[in-house]
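Data block below; observations after.
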Amino acid sequence: MNQEITDFLEKVVERYDLPGDIISATQCLNGHINGTYHVTLLKTDGEEDNLIVQKINHYVFKDPKKVMHNIKEVGNHVRGRKSDSDCDIITFLDNKEGINYTKIDGEYWRICRFVKDSVTYDFVENSKVLYSAGYAFGRFQSLLSDLPMERLYETIPDFHNTRKRLNDFFEMVELDPLGRAKDLKNEIAFFEKHTSLATKLCDLLDAGEIPLRVTHNDTKYNNILMHKDTCKPLCVIDLDTVMPGLAMHDFGDAIRFAANTAVEDETDLNKVGLNLENYREFTKGFMSACLGLTKKEIDAMALGAITITIELASRFLADHINGDKYFRIHHKNHNLERARCQIKLAQDMIEKYEKMCQIVNESIVEKEAAPALDK
Ligand code: GN1
Ligand code: MG
C-alpha cells in the first residue's frame, strides 16, 4: 500500500472513536466502483480491530450524503424487523460527530467493522450454497416491503431504467469519442435486435402493471458476506443503490452473476452460459423468502434476469466506448470483455427462457408447501 493512501486512511480513522495504530492496510479489488481497504488497528490492550474503510465514488454517486441517509434508514428498518436467524445487513460506524460518513478534502469516507470469518465469492462452485443466498436477498426485500419509499432518495437516477440505458448506449455509439465503436458491429447489432425484449419491463412499469418496491439493485453474489467454512450468508452489503426498483431486477441481477457458468469477465465465451442448477437453487431460496409478489411479477422474474444482463452489457460497452470512466478496469479492454461475456450470457438465457419460467413456477409450488418464515 503506498504511503499516501496509508496516510489518508490514518486521517479517516482519526475522525472516529477508534483507538489504536494501523498495522496493516490492503486494498480490496472485487468491487468496480468504490475504493475499499481492509485496515487492521492494534489497540493498546494488544487486541486487533479489523475495519473496512471505504471511499465513496463521487463520480458515480453525485450526492454521497443521500447514499448514507438511505443506508441508515434501511438499516434501522431492517434491524427493527429481522429475527436472529436472518442474515445481517451492513452498518457504518458513526464518527466523533455522530455522522455515518466523514468528508475529508471533498471526498466521502465511511467505516464499518470487518465481519468475522466472512468471505465473498466471485464464482459459485457448488449450487447448494445458492438456496441460502437466494433466501437472504428475497428476505431482504420482504423486510423492506413496509418501508415507505418516500423516505429514500434515488441515489442514481434511472439506475435500472433499461430503456434509458439503451438510449444512452446508442448515443454513446454515435458520439464514439475514441473511435472504438467501429470494431463493435456485432455487439451493437445485438442491442438493436433485443431492445424491445429488454424494455418490456419498462413498458409494464409505465403501464402500472408491476409495482415499484424498495429493492437492493446490486444483488451480486459477492454482495453477500458468506461464512468461510459453511458458506452461510452472514451479511448483505453494498446498500448504495437501495431505492425504489423492481423485484425482478434484484432476482435477475443475482442470477446474472451467480448462475453464470463462468466469471463476469470471462474471455473464453465457450465457458459462459446459464447454469440451470444454480438458477434453480437460487430461485427456490429467493421465491420462498420474497413474499407478497404479484402474479405479474412472478411471471416476469425470468425476464428480469435477461433484462438486467442485457442492460449491464450495454453499460459495460458504453463505458468501454467512453474510455472506461465508470467501472474500474484492471487491464485494457476489460469493459469490452465484460460486455461480451454478458452478451453471451444473455443469449444463452434467451434460449433457456421457457425453462427459466418453468423453474420459477415450480419454486412457487414448493413455497406454498414450506413453513411460513416471515414471522
Ligand atoms: C457495480 O459496486 P459493484 O462493483 O458491486 C455496479 C453494478 C453492476 C456491477 C457489475 C453503482 O457494482 O450496477 O451490476 O458493478 N454498481 C453501480 O459487476 O453502478
Ligand atoms: Mg455496488
Side-chain angles (χ1 to χ4, degrees), residues 27-37 52 54-64 66-68 70-71 74 89-90 92 108 110 112 120-124 133 137 140 152-162 164-166 168-169 198 215-226 235-246 248-260 262-266 272 304-320 322 324-330 334-343 345-346:
Q27 188 171 8
C28 312
L29 289 172
N30 49 5
H32 301 336
I33 307 289
N34 295 313
T36 307
Y37 304 89
I52 294 293
Q54 207 170 39
K55 181 164 91 170
I56 303 176
N57 182 325
H58 212 158
Y59 176 81
V60 169
F61 297 102
K62 304 294 180 211
D63 192 346
K66 291 186 176 170
V67 173
M68 298 312 288
N70 281 7
I71 293 178
V74 165
I89 71 166
I90 202 72
F92 290 95
Y108 290 78
R110 59 192 179 188
C112 61
T120 57
Y121 294 101
D122 289 334
F123 182 69
V124 180
F137 276 135
F140 178 84
L152 299 180
Y153 293 110
E154 211 179 348
T155 55
I156 301 181
D158 292 312
F159 188 57
H160 285 318
N161 179 346
T162 310
K164 175 143 191 333
R165 291 288 190 184
L166 289 175
D168 290 351
F169 168 76
T215 47
H216 183 286
N217 292 308
D218 191 0
T219 48
K220 293 198 288 194
Y221 185 59
N222 63 12
N223 278 334
I224 303 185
L225 303 181
M226 301 286 172
C235 188
V236 174
I237 61 168
D238 198 351
L239 308 178
D240 298 344
T241 49
V242 176
M243 56 184 158
L246 296 180
M248 293 69 80
H249 288 156
D250 274 8
F251 172 79
D253 200 26
I255 291 301
R256 174 193 72 70
F257 193 85
N260 188 350
V263 286
E264 192 183 61
D265 55 356
E266 178 60 59
V272 177
I306 295 174
T307 304
I308 218 82
T309 307
I310 296 177
E311 181 190 284
L312 184 62
S314 78
R315 293 172 60 198
F316 281 144
L317 201 58
D319 199 35
H320 170 72
N322 195 30
D324 309 301
K325 295 193 168 70
Y326 187 101
F327 296 102
R328 181 169 36 244
I329 55 167
H330 301 296
H334 200 174
N335 277 321
L336 173 60
E337 291 165 5
R338 288 167 173 155
R340 286 186 170 146
C341 176
Q342 298 305 303
I343 288 174
L345 178 60

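Ligands are counted one by one from 1 in listed order, and the atoms in each one are counted from 1 as well.
- Within Asp238, the N, O or S atom at minimum distance from the Mg ion (ligand 2) carries the name OD2.
- For the Mg ion (ligand 2), the set of nearby N, O or S atoms under 2.8 Å includes one belonging to Asp218.
- Counting all heavy atoms, side chain and backbone alike, Glu311 lies closest to Phe159 at OE2-O, 3.6 Å.
- Ranked by closest heavy atom to atom 7 (C) of ligand 1, the top entry among Asp319, Asp218, Asn34 is Asp218.
- Residue Asp240 is tested with Ile156, Ile71, Thr155 for a side chain to side chain contact (heavy atoms under 4.5 Å, CB included); the sole match is Ile71.
- The shortest separation from a heavy atom of Phe257 to ligand 1 is not under 4.0 Å, leaving the residue out of contact.
- Residues Glu264 and Phe316 meet the side-chain proximity criterion, which asks for heavy atoms closer than 4.5 Å.
- In terms of polar-atom proximity, Asn217 is not counted as a contact of ligand 1, lacking any N or O under 3.5 Å from an N or O of the ligand.
- If you number the atoms of ligand 1 from 1 as listed, the ones under 4.0 Å from a heavy atom of Ile33 come out as 1 (C), 2 (O), 16 (N), 17 (C), 19 (O).
- Of the N or O atoms in Asn30, none lie within a sub-3.5 Å distance of an N or O in ligand 1.
- Residue Lys220 places its NZ atom among more than 12 non-hydrogen atoms of other residues, nucleotides or ligands, all under 6.0 Å distant.
- Counting only heavy atoms of the protein, atom 4 (O) of ligand 1 lies nearest to His32 N, 2.6 Å.
- The closest protein non-hydrogen atom to atom 13 (O) of ligand 1 is Arg315 NH1, 2.9 Å.
- In this structure, Asn335 CG and His32 NE2 are separated by 8.0 Å, a value rounded to the nearest 0.5 Å.
- Smallest separation of non-hydrogen atoms from Asp238 and Ile90: N-CG2, 4.4 Å.
- For ligand 1 and Asn223, the ligand atoms under 4.0 Å from any heavy atom of the residue are 5 (O).
- For ligand 1, the atoms closer than 4.0 angstrom to any heavy atom of Phe61 are 11 (C).
- Among all non-hydrogen protein atoms, the one lying nearest atom 5 (O) of ligand 1 is Asp238 OD2, 3.0 Å.
- In terms of protein heavy-atom proximity, atom 8 (C) of ligand 1 is nearest to Leu312 CD1, 3.9 Å.
- Once rounded to the nearest 0.5 Å, the distance linking CG of Asn223 with CG of Asn217 reads 11.5 Å.
- For the pair Asp218 (side chain) and Thr241 (backbone), a donor-acceptor distance under 3.5 Å is absent.
- Considering backbone and side-chain atoms together, Lys220 places an N or O closer than 3.5 Å to an N or O of ligand 1.
- Neither the backbone nor the side chain of Asn222 comes within 4.0 Å of ligand 1, counting heavy atoms alone.
- The residues Arg165 and Asp168 are annotated as not salt-bridged, no charged nitrogen and carboxylate oxygen being separated by less than 4.0 angstrom.
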Next on the checklist: For Gln54 and Thr36: C-alpha separation, side-chain torsions, deciding distance, then whether side-chain hydrogen bond (donor to acceptor under 3.5 Å, both in side chains) applies.
Outcome noted: CA-CA 4 Å; Gln54 207 170 39; Thr36 307; 2.9 Å; yes
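- Counting atoms of ligand 1 from 1 in the listed order, those under 4.0 Å from a heavy atom of Gly31 are 4 (O).
- The option from Arg338, Glu264, Arg256 that lies nearest to atom 14 (O) of ligand 1, judged by heavy atoms, is Arg256.
- Protein heavy atom closest to atom 19 (O) of ligand 1, with residue, atom name and distance, is Tyr326 OH, 2.5 Å.
- With Phe327 as the aromatic partner, Lys325 does not meet the cation-pi criteria of under 6.0 angstrom to the ring centre and within 45 degrees of the ring axis.
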